[in-house]
Structure formats: structure tokens, C-alpha cells
Number of protein chains: 2
Amino acid sequence: MSYKVKEVADMVGVSVRTLHHYDQIGLLRPESVSPAGYRLYSDNDLERLQQVLFFKELGFSLQESKDIINKPGFDRKEALSAHKNLLIEKKNRLEKIISNVEQTIGAIEGGRQMDKKEMFEAFDMSEIERHKEKYAEEAEQKYGHTDAFRESQKKTAQYTKEDWTAIMNQGNELYTRIASKMDRGPEDPQVQEAVAQWRQHITNSFYNCTLEIFRGLGDLYVNDERFTANIDQIKPGLARFLREAINIYCNKL
Amino acid sequence: MSYKVKEVADMVGVSVRTLHHYDQIGLLRPESVSPAGYRLYSDNDLERLQQVLFFKELGFSLQESKDIINKPGFDRKEALSAHKNLLIEKKNRLEKIISNVEQTIGAIEGGRQMDKKEMFEAFDMSEIERHKEKYAEEAEQKYGHTDAFRESQKKTAQYTKEDWTAIMNQGNELYTRIASKMDRGPEDPQVQEAVAQWRQHITNSFYNCTLEIFRGLGDLYVNDERFTANIDQIKPGLARFLREAINIYCNKL
DNA sequence: TATTGACTCTAACGTAACGGCATAGTTTAT
DNA sequence: ATAAACTATGCCGTTACGTTAGAGTCAATA
């Protein structure tokens, strides 16, 4: 099932222009395009759009939303829980403002003056901002190597659907090739050769993968369960094996 | 007691730049200015700023806020009640979104698909927008003559504090002059002369006061208690007298 | 089948609400 | 009297779209 722009727009209550815009900045590219050039949105796209609207509601900028959603290993469920907390805080803030309004009304009726500080207390966003920062920082920390991350974002924004599948296929091919040679041990020349290609692949497709970053990636593969699970799916123990191989590779240079 | 920009900024949690901006667009001009050109905000200004922040919280544009607050006869208490209602609706909307998030989480856990419509229900702002419109419309209705109202807003935005007092003094002088001649009846030449000057005064200071608008103003004076109260303060019955005199004036042309 | 009318595209300029920076004058504290 | 902390006025930059403009597309109807 696919939907045209206006259908989506009406369904979710945003303007067509907004969808065009999201397409332009690479925040929400429709899964396919009709022969006439019409945007065709899939159910997946709708889910992603829902994500975006959640983030918007929380006051994230579109760029921030994109960074978070695009983050490899982005976990919808985890994100939603975080959203919920932020929303609840927003609600609390609103409740504060409401009681502030009530106080102000009372003050007018009573003819008394309000304290300057208390007048503006409700508008203090600092608490919410703190949370937002935490959320964004977490992403940076985990997937850090910040400059690389940014560079990657820029590059990948241009990619089409086809580019992505091609890149993923290359990556998977390398993974499986390494997996098939696991019994030879991590220092085996053929394994090392594949590791070198893996690094090259990253540099080509995403960002300049320095040795430092490459090492970091190796650690990431075993330290972040989400990566580990993904990689070990190909072959159990592959994640740890990869880190070993990467370490050896880096030490040789 | 007066406060400098940064004091105000820190007190209410907005940036200095924001206050500059509000000054520039005439939304919040400090009551006075130091010899060196420093903005000096009064307690009154702080109250007005609070108003502005309330409106902002509700999603009104600065222009809209300005229109509403500047509206002659703007009633803070009445406005605050309206705010409260809008805020409560916003809160309801947030609660909807929160439960939507919860549902989505549940859907992910259960592995089932969500209905497209229900996915976006929470984001529907239409209810809030309807309220906003009502609020704005009420202003238009009451003080309507829409084009004139807009033109007036544009013109008056440029006025300095001194301009305002000058204009108000002229207006009051005309009011009292007419009041002093009330016993002669509304068709008296001197009264009619003053009415003509009154119309001229409006045209000069605010907007091109057509006959139609002028008639409307006359009606407004007796139909809106806030105006009636204000005018009758000068002399009881003046509001009705003015409408009579304006009617006669308009019929002659 | 030709023709509306509703819809789509890209491209490009416009707008709101500030953020940020440069440059210059002012106040206050030591 | 001199630095630190503020203040002022520009003016350009940014975000998230709105708003035409000009042109192609698609489904229903005359």
C-alpha cells in the first residue's frame, strides 16, 4: 500500500509543503517514486513520520530528530520511552503555567501585586532542556567520534534507496566472508585482508575511518548489545572475533 | 523601580536579543529610556511581558499577541481565563499524545500493526486552532472594521510614548468639549463641529475613518460596556449622546 | 475523446522569531 | 583610570516552513 503526498498530508495533519520539505532535507524520503515523479509513501514511511512528529512535539529541531532517528541501532521502543518522559515533563510545565495563570487571576481579583520572580517561574524551560541534552548526549557518547558522525550524516543524506541497499549488501558480504574464516583465527592474512577492505568500505561509504575510530568501532561491536546481537546473528561470536581482528589490524599499522 | 535589559532577561528567562526584538516590533517598548539610551523596564512592562509569554505558550504569533493586547479595552482578567482554557486543551492534547506513545510502545511489544488513523490522532491541532480562531475573531468582531484595525495597528506601532500621550490628550480634549455642550443637544452646530474634528482626529492618528466606520464607532461606544464605562466617566450619558451626534453628522453627508 | 478539475512536480522567493557577531559607547568596581 | 561587565545599533544567518509561479499528470465526466 502506498500513499500520495496529499493523502499522507491529510492523514497526519501536516501540509504538503511540509512533506516536500522533509524530503528535501532528507528527513523523510518516500520509499518509492512513481514513473511520473510522484512521491509514494509506504507504511514504513508513515511510522517514521510519526517519530518525527513526536520529536517535534518535544521541541527538537528537524536536524536533531534526523540525527537521532538515523543513528545506526536506533531503537524505536527505547526512544518512545524517552519521549514519554519528556512529554510528561512538558505536561508538568503546562500544569505549572495553568496554576500560574490561576494565581495571576487571583492576584488581579484581590488587587494585590505578584512577586516578580513567581510571575515567571512557570516559563522556566531549563528542566526540559536538561533532559533534551541528556538524550542527545547519549547518542553522541555511544556513537560518538563526533566529527565522523556528522560527516557521515552529511554523506548519507544524499544516498538513494538503491545506494543504501548496495552499501548494505557490500557490508554484509564482507561480514559473511569474515564469518566463514573465523576458524582460521583473527590474525589470518585472509581475515586481515577482509578487515582492511571493511575499513575501506566504511571510508568510502560513510566517513574517513581513522585507526582510532576503527578501534572504537571494534569496541562498539561488543559493548553495545544492539550491535552485538545484529552481528552475532550472522554467526555467533562474530562480534568478539571482529574486535580481535580489528585490534590486530590496527596494531600492525 | 526600573530594570535594565539583562535584569529582565534573567528574571524571566528570555534572551536580551529577544527583548530587543520585542522592542523593535513594538510588542514591548520599555516605559522609559535612560539618557544613555538604555532600555528601562517598569513593573507594568513586566506584566505585559508575562502576557506575551502566555500567548506565546499558546502558539500565538507575536503579531497576534500584539493585536490582542493592544486592543483598546483589552481585559487582562478576561484574557487570562481564555488562556487557561486554551492551556487546558493543550494539556489534554499532550495527554492524548502520551497515551498514543504508550499505545505505540504496546504495539511494538505485541508485534502488531497500528491503524494509520489512530497513529496520528493525537497530533490533531484542529481543536486548539478552532479556539484560537474564536478568540481572534471575537476581537475582530468587536473592534472589527478589519482593514481599518490593521492599518491602525501599523500606524500606531511607530508611535512613541510621547506621541501617545499627545494623541490621548487631543482626544480627551474633544471629549470634554463635547461633554460640556451636551445640554445644547446633539444637533447643535458647535457639537457637530467637534464631532467633525473628532473624526478628523481619528483619521490623522489611526486610520482613514470612513462614514461607515464612524457610524460603527458610535454604536460601539454604547454597545461595549468597556467603552461606555470609559466614556461615561467623563460625563454620564456621554456615550449615548456621542452616538446620537455621530448619527446626525453622518446623515448630513 | 476531449476536457475539466483536482492533484502533482520543481524552483525560487518570502516570512517569523530570533541567534550571533561586529563595532562602539556606558557603568561600575577596584 | 582602567578593566570587566553591560548596553546600543546594525546587519547577516538560520529554521521550518508559506506562497506563488509554471508546467506536467490523472480520473471522471460531457
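Each chain gets a letter, A, B and so on, in the order the sequences are listed, and its residues count up from 1. Because the structure is predicted, anything quoted here is derived from the model rather than measured.
- One interatomic measurement links the two molecules: CD1 of A:I25 to C1' of D:dT14, which rounds to 13 Å at whole-angstrom precision.
- For C:dC9, one of the phosphate oxygens OP1 or OP2 lies less than 4.0 angstrom from a side-chain nitrogen or oxygen of A:R39.
- OP1 or OP2 of C:dG19 sits under 4.0 Å from a side-chain N or O of B:S15.
- Taking only side-chain nitrogens and oxygens, B:S34 never comes nearer than 4.0 Å to OP1 or OP2 of D:dT7.
- As a whole-Å value, the separation of B:L40 CG from C:dT27 P is 11 Å.
- Residue B:Q24 contributes atom CD, which lies 8 Å from atom P of D:dG10 at whole-angstrom precision.
- Set against C:dA17, D:dC26, C:dT26, the side chain of B:A36 has C:dT26 as its closest nucleotide.
- The distance from atom CZ of B:F60 to atom P of C:dA17 is 13 Å, rounded to the nearest whole Å.
- Between B:L46 and B:Q50, every side-chain heavy-atom pair lies at or beyond the 4.5 Å cut-off.
- The two atoms that bring A:F60 and A:S65 nearest to each other are CB-OG, 3.8 Å, heavy atoms only.
- A straight line from NZ of B:K6 to C1' of D:dA5 spans 8 Å, rounded to a whole angstrom.
- Checking the phosphate oxygens (OP1, OP2) of D:dC17, no side-chain nitrogen or oxygen of A:H20 falls inside 4.0 Å.
- A straight line from NZ of B:K56 to P of C:dA17 spans 9 Å, rounded to a whole angstrom.
- One finds no side-chain N or O of A:T18 lying less than 4.0 angstrom from the OP1 or OP2 phosphate oxygen of D:dA16.
- Across A:L40 and A:V33, no two heavy atoms sit closer than the pair CD1-C, 4.1 Å.
- Nearest-nucleotide positions on DNA chain D place B:E7 closer to the 5' end than the other of B:E7 and A:K4.
- Atom CZ of A:R17 is separated from atom P of D:dA16 by 12 Å (rounded to the nearest Å).
- When each of A:L19, A:V16, A:D23 is paired with A:R39, the side chain to side chain contact (heavy atoms under 4.5 Å, CB included) condition holds for A:D23 and for no other.
- Each of B:L62 and B:Y38 lies near DNA chain C, and the nucleotide nearest B:L62 is the one positioned closer to the 5' end.
- Summarising the geometry of A:R29 relative to A:D45, their closest heavy-atom pair is O-OD1, 3.7 Å, with the distance given to 0.1 Å.
- One finds a side-chain N or O of A:Y22 lying less than 4.0 angstrom from the OP1 or OP2 phosphate oxygen of D:dC17.
- Between A:L19 atom CG and C:dT8 atom C1' the separation is 13 Å, expressed in whole Å.
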